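Report on one structure; see the data block that follows.
Please read these numbers as outputs of a predicted model, since none were measured by experiment. In what follows, every chain begins at residue 1, and chains take the letters A, B, ... in the order their sequences are listed.
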Amino acid sequence: MPNNTNTYIAELKGKTGQEVTLAGWLYNSRASGKIQFLIIRDGTGLCQCIAEYGKVPDEVFDKLKHLGQESSLTVTGVVRAEERSVGGFELAVTGAEIISPAVDYPITPKAHGIDFLLKNRHLHLRSQRQWCIGKVRHTVVDAIRRFFNDNGFTLIDTPILTGIIGEDAGSLFEVDYFGESAHLTQTGQLHLECAAMSFGRVYCFGPTFRAEKSKTRRHLTEFWMVEPEVAFIDLAGLLELAENFVSFVVGQVLEKNESELKTLGANIESLKKIQPPFYRLTYTEAAEILKSKKTQDFLAAQLNEFKSQKQQIEKKIGELENEAKGSVKQWRADKIAAELIELRSELEETGTKIENNPKHAKLAAEFEWGKDLGGSDETIISLMHNKPVFVTCYPKEAKAFYMKADSPRFAGEAGRSNDKVVLNFDMLAPAGFGEIIGGSVREDDYEMLLERINKQGLNAENYDWYLDLRKYGSVPHGGFGLGVERTVAWLTGEKHIRQCIAFPRMMDKIYI
RNA sequence: UCCCCGAUAGCUCAAUUGGUAGAGCGGGCGGCUGUUAACCGCCAGGUCGUAGGUUCGAGCCCUACUCGGGGAGCCA
């Protein structure tokens, strides 16, 4: 980099004993009379810098003492290994230069509400948690491109403004296109299929828009999706591709972001288990599992666990409240108050789980063949497994028009007649996280496809070009889509998908 | 769209259940040479979301509205 003699915090390893200059922002500072602990962040990491009275010029010492959080500065000092310090290294400060002081930075090192943080998203991105998630996301995106690029896939950029409906007409964002109606893409799949007939193996990767009225921790109206599409592939081939792909992405994150995962409190051990093969269930088998006694027992056991969790939390709250009533030191009272806030929100969450459990049990028990798998059904299946689960061959009626009807190979034991199911699959992330991939073999027969289009009340004229693919050298083909934010949320253990994209767009709300 | 919860200092939350609005963090000043969301002392900081109503008296009760959170349905 030109004209930059500064050292990045990530490069401190191996510079022990050398004098270096860091350029960054003041993340936090603690002063203790004649010694100051300044934590600097520079985008590559955090480093504690020690300013001792007498070892830096007096006016520098004074300036640092009154410097506000997030002020930008350069700090010069000697690197030394120090176990007690974040990152294992610290700087013995010999000099510092303030670039731009910050006053009254709104995001303090204490707790904040989510609305406040989203309104301050432009600043919240600087926080450690958001930084770690951003790093993991970067690795996920890089791994996605790497996997497909290294496996013979060609990148095709599919349009964002489209005139064709890929998924559900109810979740479209309408755009005025010079007086005509157009909308934002819900999937690149249909265009991608065209490209697959030219390049064989292709993928697209970009933002996707769905105007779903979904106010949940799993939904965004704008999210990033990668979609591979392969000519000459069957369902078994797609599953293999998907499990190799996901395992590669997880492996890359484990390799490159271990410290971020640790900071975020992700379950690293369970991620290490993500290796092919994943579990495979047909929809029919999944439906039977849902209705089985095993599932009811599983849910009942879970309910008991939730209840005992609740009791434990309540007991702890009681204990803390009692302690707070007695005479305690101010600092202890504060700690108790903070703990109580956390425990109460945990209690509320557990209460919701207890409330939902019987509903989910009922939904599962009364599950009827032919319905789509609901969110709670997916959660149950996913909770019962420690690796991702493929659920294949859903009823045709519940699925999109372009999915190919079943063949005997995938019909499953239950032996429903083949034409009632389609050759699709969902991939459910383990431990209750739920769906992160949806895909299918595409209908490649002209007549069958036309029939499905008409049956779903779509205007066949709009799909002329799509039907043409079945006219001129049609081949079996298929693909899938993986949601980036959901994947990042799963890997990082982040509860809400909105934290997994820098500037989230949610239902009815764009903050900045 | 439906159900539940919330709105009090810049931020996170209290307020003995209708009787003078409080604490921590953050900010300012001071103290402390190994802190880890440091700690200790002092100071400043409020039209209790908005509009009505009940009452001698409302942060607290009632009605409407606005905004936010959580969940359901649907999905990547």
Side-chain angles (χ1 to χ4, degrees), chain A residues 27-39 46 48 50-55 65-66 68-69 82-86 90 103-120 128 167-168 170-171 186-187 189 207-227 324-325 329-331 333-338 340-342 344-345 348-349 351-353 355-356 359-360 363 372-376 378 398 400 426-429 434-439 480-490 495-497 507-509 511:
Chain A
Y27 187 73
N28 196 7
S29 71
R30 291 178 282 273
S32 178
K34 301 284 190 289
I35 185 167
Q36 293 177 46
F37 304 90
L38 309 163
I39 296 182
L46 297 174
Q48 177 163 276
I50 314 297
E52 286 181 63
Y53 189 76
K55 295 193 178 170
K65 202 168 179 179
H66 298 280
Q69 193 190 344
E82 170 57 67
E83 270 185 29
R84 289 171 288 186
S85 193
V86 232
E90 63 179 28
V103 182
D104 291 342
Y105 185 71
I107 302 178
T108 69
K110 297 282 174 178
H112 297 280
I114 187 62
D115 188 44
F116 177 78
L117 290 176
L118 286 171
K119 279 178 180 150
N120 287 285
Q128 204 188 6
E167 293 283 330
D168 174 30
S171 61
Q186 296 170 301
T187 168
Q189 181 205 318
T208 301
F209 308 87
R210 303 211 180 152
E212 284 160 3
K213 297 265 184 193
S214 303
K215 241 179 90 173
T216 83
R217 60 176 72 175
R218 297 172 47 72
H219 283 86
L220 294 168
T221 54
E222 177 180 319
F223 64 96
W224 281 65
M225 182 159 73
V226 59
E227 297 176 89
K325 272 181 204 158
K329 294 259 186 189
Q330 185 59 54
W331 68 269
D334 296 342
K335 276 238 160 77
I336 290 172
L340 280 174
I341 289 166
E342 192 143 315
R344 281 183 189 132
S345 89
E348 201 176 325
E349 207 166 305
T352 307
K353 283 182 189 165
E355 204 178 300
N356 282 338
K359 291 183 203 162
H360 293 170
L363 279 171
D372 205 347
L373 244 49
S376 65
E378 284 181 353
D426 281 352
M427 198 198 92
L428 312 179
E435 182 179 352
I436 58 172
I437 286 183
F480 58 84
L482 170 125
V484 169
E485 291 77 14
R486 283 189 182 178
T487 304
V488 173
W490 166 46
K495 276 188 192 147
H496 206 301
I497 194 174
M507 177 191 147
D508 293 339
K509 187 82 180 180
Y511 276 94

Students often get this wrong, so: under 4.0 angstrom with heavy atoms, is A:Gly68 touching a base, only sugar-phosphate, or nothing? nothing
Closest nucleotide among B:rC74, B:rG27, B:rA76 to the A:Met225 side chain: B:rA76
For A:Leu363 and for A:Phe223, find the nucleotide of RNA chain B with the closest heavy atom, then tell me which residue's nucleotide is more 5'. A:Leu363
Has A:Glu52 got a side-chain atom pairing as donor or acceptor with A:Lys34's backbone, closer than 3.5 angstrom? no
In this structure, how many angstroms lie between the C1' atom of B:rU35 and the CD atom of A:Glu82, rounded? 11 Å
Shortest side-chain distance from A:Phe116, nucleotide among B:rG70, B:rC11, B:rU33: B:rC11
Mind checking if A:Ile437 touches a base, just sugar-phosphate, or nothing, with heavy atoms under 4.0 Å? sugar-phosphate
Provide the distance between the two C1' atoms, one in B:rC29 and one in B:rG34, to the nearest whole Å. 25 Å
For B:rU16 and B:rC56, measure between their P atoms and round to the nearest Å. 23 Å
Applying the Watson-Crick and G-U wobble criteria at under 3.5 Å, what pairs with B:rC48? Answer none if nothing qualifies. none
Looking at CZ of A:Arg210 and CE of A:Met225, how far apart are the two atoms once the value is rounded to the nearest 0.5 Å? 5.0 Å
Once you round it to whole Å, what is the distance between C1' of B:rC3 and CG of A:Asn356? 11 Å
Tell me: NE2 of A:His112 to P of B:rG24, nearest whole Å? 17 Å
Determine the Euclidean distance between corresponding C1' atoms of B:rC2 and B:rU47; express it in Å to zero decimal places. 36 Å
If we take the C1' atom in both B:rA76 and B:rU8, what is their distance in whole Å? 41 Å
Let's see if you can work this out: which of B:rA72, B:rG34, B:rG70 has an atom nearest to the side-chain heavy atoms of A:Thr352? B:rG70
Consider the side chain of A:Asn28, meaning its heavy atoms from C-beta on, and name the nucleotide among B:rU33, B:rA38, B:rC75 that approaches it most closely. B:rA38
For the P atoms, the ones on B:rG10 and on B:rU50, what distance do you get once it is rounded to whole angstrom? 13 Å
Does B:rG71 have OP1 or OP2 under 4.0 Å away from a side-chain N or O of A:Arg217? yes
Applying side-chain contact (heavy atoms from CB on, under 4.5 Å), run through A:Arg218 and A:Glu435 and close with a yes or a no. CA-CA 10 Å; A:Arg218 297 172 47 72; A:Glu435 182 179 352; 4.0 Å; yes
The Watson-Crick or G-U wobble partner of B:rA72, with both key distances under 3.5 Å, is B:rU1
Could you state the CG-P distance from A:Leu38 to B:rU33, rounded to the nearest angstrom? 16 Å
From B:rG70, B:rA38, B:rC75, pick the nucleotide closest to the side chain of A:His496? B:rG70
Measure from the side chain of A:Lys34, starting at C-beta and using heavy atoms only, and say which of B:rG71, B:rU12, B:rU33 lies closest. B:rU33
Rounded distance in Å - NZ (A:Lys110) to P (B:rA9): 19 Å
Stacking of A:Phe37 on B:rA38 base (centres under 5.5 Å, planes under 30°): no
I'd like the P distance from B:rG59 over to B:rC40, given in whole Å. 33 Å
In whole Å, measure the gap between the P atoms of B:rC43 and B:rA38 for me. 23 Å
If pairing means Watson-Crick or G-U wobble with both distances under 3.5 Å, then the partner of B:rU17 is none
Where A:His360 and A:Ser376 come nearest, the two heavy atoms and their spacing: CD2-CB, 3.2 Å
Just call it for A:Glu90: base, sugar-phosphate, or nothing, with non-hydrogen atoms closer than 4.0 Å on any strand. base
Considering only heavy side-chain atoms of A:His66, the closest of B:rG71, B:rC29, B:rG34 is B:rC29
With a non-hydrogen cut-off below 4.0 angstrom, is A:Leu482 in contact with a base, only sugar-phosphate, or nothing? nothing
Using a cut-off of less than 4.0 Å, is there contact between a side-chain N or O of A:Arg30 and OP1 or OP2 of B:rA38? yes
Look at all strands and tell whether A:Ser85 reaches a base, only sugar-phosphate, or nothing, counting heavy atoms closer than 4.0 Å. nothing
For nucleotides B:rA21 and B:rG53, find the distance between their C1' atoms and express it as a whole number of Å. 23 Å
Do you know which two heavy atoms are closest between A:Gln69 and A:Thr108, and how far apart they sit? OE1-CA, 3.9 Å
Categorize A:Gln48 for me: base, sugar-phosphate, or nothing, with a 4.0 angstrom heavy-atom threshold over every strand shown. base
Using Watson-Crick or G-U wobble geometry with both distances below 3.5 Å, tell me the partner of B:rG24, or none. B:rC11
Mapping A:Thr108 and A:His360 to their closest nucleotides on RNA chain B, which lands nearer the 5' end? A:Thr108
Expressed as a whole number of angstroms, how long is the span from A:Arg84:CZ to B:rU36:P? 12 Å
Among B:rU35, B:rC74, B:rC32, the nucleotide that comes nearest once only the side chain of A:His219 is considered: B:rC74
The nucleotide from B:rC32, B:rG71, B:rC75 with an atom nearest the side chain of A:Glu378 is B:rC75
Closest heavy-atom pair and its distance - A:Gln186, A:Thr208: O-CG2, 3.0 Å
Could you tell me which nucleotide pairs with B:rC60 by Watson-Crick or G-U wobble geometry, both distances under 3.5 Å, or answer none if nothing does? none
A:Glu52 side-chain proximity, nearest of B:rA76, B:rC32, B:rG34: B:rG34
In this structure, how many angstroms lie between the P atom of B:rU33 and the NZ atom of A:Lys65, rounded? 10 Å
Mind running side-chain contact (heavy atoms from CB on, under 4.5 Å) on A:Asp426 and A:Leu373 for me, showing each step along the way? CA-CA 10 Å; A:Asp426 281 352; A:Leu373 244 49; over 6 Å; no
Just by modelled atom types, is the A:Ile497 backbone N or O under 3.5 Å from a matching donor or acceptor in the A:Arg486 side chain? no
Strand partner of B:rA38, provided both Watson-Crick or wobble distances fall under 3.5 Å: none
Torsion-based syn/anti label for B:rU54, 90° from 0 as limit: anti
Just call it for A:Asp372: base, sugar-phosphate, or nothing, with non-hydrogen atoms closer than 4.0 Å on any strand. sugar-phosphate
Figure out the CD/C1' separation between A:Glu222 and B:rA76, and round it to whole Å. 14 Å
Rounded to the nearest 0.5 angstrom, the CZ-CG distance for A:Phe37 and A:Asn28 is 12.0 Å
